[in-house]
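Comments concern the structure below.
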Amino acid sequence: MTILIVGASGATGKLLVQELLNRGHLVKIIVRSADKLSEPLRANPNLSILTASVLDLPDAQIADYTKDCDAVASCLGHNLNFKGLYGQPRRLVTDATRRICEAIKDNGVSKPVKFVLMNTTGNRNRDLKEPISFGQKCVIGILRLLLPPHVDNEQAADYLRTQVGQKDLDIAWAAVRPDTLIDQTAVSEYEIHASPIRSAIFDAGKTSRINVAHFMADLITNERIWQQWKGQMPVIYNKAI
Ligand SMILES: NC(=O)c1ccc[n+]([C@@H]2O[C@H](COP(=O)([O-])OP(=O)(O)OC[C@H]3O[C@@H](n4cnc5c(N)ncnc54)[C@H](OP(=O)(O)O)[C@@H]3O)[C@@H](O)[C@H]2O)c1
């Protein structure tokens with residue numbers, strides 16, 4: 001397969017690039033700086049790098065770069081500094097998701113392109129009417145006011161859920177929801193649920209970035225897992241040891 005990854009220079013994105021290359025696929029990335037990738041990764045003949053800020057690219061260039069892609073994965077996230085949290089672009093993830101999906105539609109495809117979005121357990125899948133406590137509702141309401149990236153994550157998943165929907169002929173999607181992200185060096189046992197089984201605010205679990213990358217790669221490359229989760233927002237937790 002040929003897979004485009006945005007957010008590929010991030011902590012999870014880099015792991016997803018490596019995982020897909022390890023599985024023998026062709027990977028294309030758009031990164032602001034390739035220096036954030038290791039030398040062996042940059043030198044991998046199956047990796048194509050476009051150095052640019054994704055939202056600065058004209059529509060035609062995004063369309064051209066996605067033309068041969070069977071799947072797109074987004075590991076974009078706002079940098080955790082003042083400019084990243086409160087500066088522009090406030091709708092980084094949503095606008096990148098929307099513009100890439102529009103480019104795929106403009107290209108016209110013979111079978112739906114997979115779009116796998118890295119999202120968060122702080123977001124609800126409103127298709128499933130997931131219940132949350134009054135306390136969590138209040139905290140999420142405050143986060144929406146104080147943390148623009150939270151709204152961005154919600155709107156990116158909402159775009160896929162409501163604008164692309166379940167029956168689109170050009171795009172099929174899944175939004176992966178990890179809990180608190182941690183770094184581990186190897187894939188460990190993890191569990192996938194249709195909805196959170198614990199409160200993301202008051203009882204958060206842990207999810208290794210490398211497990212997120214592994215599951216996103218499974219969604220892209222494993223048809224059985226894709227059929228199980230497409231059009232949904234699977235939640236991923238590390239298995240408690
Ligand atoms: N932290 C948690 O516990 C947690 C839990 C659940 C979900 N999440 C979500 O998981 C996602 C990714 O997490 P992560 O830790 O892997 O992220 P990360 O390491 O911060 O990576 C973010 C990626 O987005 C890119 N990016 C940031 N601002 C950009 C801009 N203005 N234009 C273009 N690219 C930009 C970064 O590029 P550069 O390298 O060029 O900066 C990087 O590739 C985020 O959406 C986050 O909200 C986080």
Side-chain angles (χ1 to χ4, degrees), residues 4-19 27-38 41-42 49-57 61-62 65 72-100 115-125 140 143-144 146-160 174-184 190 192-193 196 198-201 203-217 233-238:
L4 169 66
I5 304 176
V6 289
S9 57
T12 312
K14 279 191 268 201
L15 298 169
L16 179 57
V17 173
Q18 189 67 66
E19 180 67 27
V27 177
K28 300 172 87 171
I29 62 174
I30 303 171
V31 285
R32 295 191 287 189
S33 165
D35 294 345
K36 293 203 173 167
L37 306 174
S38 69
L41 204 55
R42 282 195 308 244
I49 304 176
L50 174 60
T51 307
S53 183
V54 59
L55 292 182
D56 290 345
L57 292 172
Q61 200 173 351
I62 297 180
Y65 205 58
V72 176
S74 168
C75 296
L76 284 169
H78 296 252
N79 289 347
L80 297 180
N81 52 37
F82 191 82
K83 188 169 179 293
L85 294 176
Y86 298 104
Q88 296 295 340
R90 286 258 173 122
R91 295 289 175 268
L92 167 70
V93 187
T94 308
D95 287 347
T97 302
R98 180 181 50 75
R99 289 192 57 205
I100 292 169
F115 195 109
V116 179
L117 173 73
M118 184 170 176
N119 203 238
T120 168
T121 50
N123 188 18
R124 292 157 77 189
N125 181 352
I140 296 282
L143 289 182
R144 279 196 196 112
L146 298 182
L147 278 182
H150 181 69
V151 179
D152 189 19
N153 275 334
E154 289 185 326
Q155 291 185 348
D158 275 355
Y159 172 82
L160 294 173
V176 174
R177 292 184 287 172
D179 226 356
T180 304
L181 290 170
I182 58 168
D183 290 315
Q184 287 189 321
Y190 58 82
I192 307 293
H193 300 270
R198 51 201 301 163
S199 163
I201 302 292
D203 178 32
K206 290 191 172 36
T207 312
S208 307
R209 287 181 171 89
I210 199 163
N211 288 346
V212 177
H214 187 269
F215 180 54
M216 289 177 79
M233 297 175 57
V235 174
I236 170 169
Y237 301 106
N238 284 6

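Start at 1 and go down the list; that is how both ligands and their atoms are numbered.
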For ligand 1, is any non-hydrogen atom under 4.0 Å from Lys36's backbone (N, CA, C, O), its side chain (CB onward), both, or neither?
->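 It is the side chain that gets close, since no backbone atom is under 4.0 Å.
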Please state which part of Asn153 comes within less than 4.0 Å of ligand 1, counting heavy atoms only: side chain, backbone, both or neither.
->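 Just the side chain.
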Examine ligand 1 and decide if any of its atoms is less than 4.0 Å from a heavy atom belonging to [X].
X	result
Gly84	no
Asp179	yes
Cys75	yes

Less than 3.5 Å between some nitrogen or oxygen of [X] and one of ligand 1, yes or no?
X	answer
Ser9	yes
Ala11	yes
Gly13	no
Val93	no
Val54	no
Thr120	no

For Pro178, the ligand 1 atoms whose distance to one of its heavy atoms is below 4.0 Å =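 Every atom of ligand 1 under 4.0 Å from some heavy atom of Pro178: 6 (C), 7 (C).
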Among Leu181, Asp95, Thr207, Asn81, whose heavy atom sits nearest atom 48 (C) of ligand 1?
->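 Nearest heavy atom to atom 48 (C) of ligand 1 lies in Leu181.
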Using heavy-atom distances, let me know which of Lys83, His78, Arg32 sits nearest atom 31 (N) of ligand 1.
->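 Considering heavy atoms of Lys83, His78, Arg32, the nearest to atom 31 (N) of ligand 1 sits in Arg32.
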For residues Lys28 and Tyr65, report the shortest heavy-atom separation together with the two atoms involved.
->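 The pair with the smallest heavy-atom distance is NZ-O, 2.8 Å.
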Are the side chains of [Y] and [X] in contact, using a 4.5 Å heavy-atom criterion?
X	Y	result
Arg32	Val54	no
Met216	Cys75	yes
Glu154	His150	yes

Keeping the roles fixed (side chain from Asp203, backbone from Arg198), state whether a donor-acceptor pair exists under 3.5 Å.
->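 No; zero donor-acceptor contacts below 3.5 Å.
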List the atom pairs, donor and acceptor, that lie under 3.5 Å between side-chain atoms in residues 115-122 and the rest of the protein, sequence neighbours left out.
from, atom 1, to, atom 2, distance (Å)
Asn119, OD1, Asn123, ND2, 3.0
Asn119, ND2, Asn153, O, 2.9
Thr120, OG1, Gly122, N, 2.9
Thr121, OG1, Pro178, O, 3.4
Thr121, OG1, Asp179, OD1, 2.5

Among all residues two or more places apart in sequence or in another chain, which pass the side-chain contact (heavy atoms from CB on, under 4.5 Å) test with Ala217?
->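 Listed in chain order: Leu16, Glu19, Leu20, Arg23.
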Please write down residue, atom name and distance for the protein heavy atom closest to atom 27 (C) of ligand 1.
->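 It is Gly77 O, 3.0 Å.
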